[in-house]
Amino acid sequence: MKIIFWSNVRGQCGTTLHTACMAVIQSLFSKQKVVMMENHEHLVNIETCFSGDAGGMVREKGRYNDIGLENLIELFDNVIPGTEEKLIRRCAVNYLHDRLFYLPHGAVTNNDMIDYVFSRNMNKLFGALEKYYDSIYIDAFSTEYVRMQSMLDSADIIVVNLNQNNNVLRHFFRNFASFQEKAVYLLGNYYNTSQNSLTEIRRRYRIPKDRIYAIPYCREAAEAESQGNIAEFIAKNYLSPSINNKEFINALHGAYNGIMYFYSSSSGSSSIRGLSLI
């Protein structure tokens with residue numbers, strides 16, 4: 001399953017946080033193998049959700065000259081059939097007991113160059129990863145639409161991250177109708193309001209009830225993201241949330257189940273299912 005977490009705006013809808021949380025849930029509680037990556041190089045990225053400031057330090061030491069997405073793509077040029085998984089593991093960072101992996105970017109820090117390399121090698125990369133992993137999670141930044149379109153077309157599910165801002169909502173539904181058929185929507189940093197409530201947004205844009213979910217702001221989750229402890233936060237709270245984060249955890253649970261149900265119903269697959277909270 002290729003699942004892209006995408007937003008038409010940057011840094012306002014919780015896209016990276018949602019990507020990290022859903023990946024942890026699937027790998028830790030569904031006990032499936034997940035690999036994560038992104039098509040950009042931003043200050044807040046998947047790595048910082050899991051490693052805090054450690055990412056910047058290891059980059060200065062040149063560690064990512066030897067591992068990472070660009071290095072894996074280069075190695076694939078001369079790969080011996082049957083050795084792909086060994087190369088993937090060599091180039092990935094392992095976070096959760098051989099079930100959650102992350103392919104960081106190397107020394108390249110130019111977003112346009114990263115996007116070009118990613119787009120040019122996308123089919124070869126995804127083909128190899130799908131042989132060995134249950135799901136591929138991509139945190140995608142809204143770059144040039146022509147290049148972005150090919151990535152969105154290749155996805156099994158597009159998790160569109162929005163918020164309750166009218167301009168953000170109007171911009172998306174006016175400009176990105178082409179992939180709404182395989183979209184599930186997350187309203188990040190959600191708060192109760194009569195004007196732009198979940199029910200009102202569903203009604204206004206004719207979104208099926210099982211295709212849109214509200215994820216409220218959670219201080220503890222935001223702190224965990226900032227400190228690089230998101231895996232520990234989910235592991236500790238997902239089955240037994242505290243009072244302060246119960247609403248957030250329950251929203252994640254509902255959204256995760258909805259995403260997995262949409263995939264299984266649209267693809268005819270029964271291998272990935274939702275979870276039941278105890």
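Predicted, not measured: the structure shown is a model, and the values here were computed from it. The analysis underlying the following values was restricted to heavy atoms, covering all of them including side chains, and did not include hydrogens, waters or symmetry mates.
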Item to complete: Identify the heavy atoms of Leu28 and Arg99 that sit nearest to each other, and give their distance.
Response: O-NH2, 3.6 Å
Fill in: Atom NZ of Lys124 with >12 non-hydrogen neighbours under 6.0 angstrom
yes
Worksheet item: Would you say the ring centroid of Phe173 lies under 6.0 angstrom from that of Tyr185?
Response: yes
Worksheet entry | Output field: ring centroids Phe5/Tyr137 closer than 6.0 Å | yes
Worksheet entry | Qualifying residue for side chain to side chain donor-acceptor pair (under 3.5 Å) with Thr16, from Asn45, Asn161, Asp139, Thr48 | Asp139
Fill in: Nearest-0.5 Å distance that lies between atom SG in Cys49 and atom CE in Met36
8.5 Å
Discussion item. Under the salt bridge (charged side-chain N to carboxylate O under 4.0 Å, His left out) definition, can you give me all pairs with a residue in residues 88-98, not counting sequence neighbours?
Written reply: Glu85-Arg89, Arg89-Asp98
Worksheet item: Taking only residues at least two apart or on different chains, which pairs with a member in residues 150-160 satisfy salt bridge (charged side-chain N to carboxylate O under 4.0 Å, His left out)?
Response: Lys2-Asp156
Fill in: CA sep, side-chain torsions, deciding dist, call: Asn167, His171, side chain to side chain donor-acceptor pair (under 3.5 Å)
CA-CA 6 Å; Asn167 292 324; His171 177 264; over 6 Å; no
Worksheet, complete the sentence: Residues at least two apart in sequence or cross-chain that pass salt bridge (charged side-chain N to carboxylate O under 4.0 Å, His left out) with Lys209, listed by chain then number, are none
Worksheet item: Parallel, tilted or perpendicular: which fits the ring planes of Phe101 and Tyr133, with parallel below 30° and perpendicular above 60°?
Response: perpendicular
Item to complete: Would you please classify the geometry between the Phe172 ring and the Phe176 ring as parallel, tilted or perpendicular, with 30° and 60° separating the classes?
Response: parallel
Fill in: Phe50 and its side chain to side chain contact (heavy atoms under 4.5 Å, CB included) partner, picked from Val93, Val24, Asn229
Val24
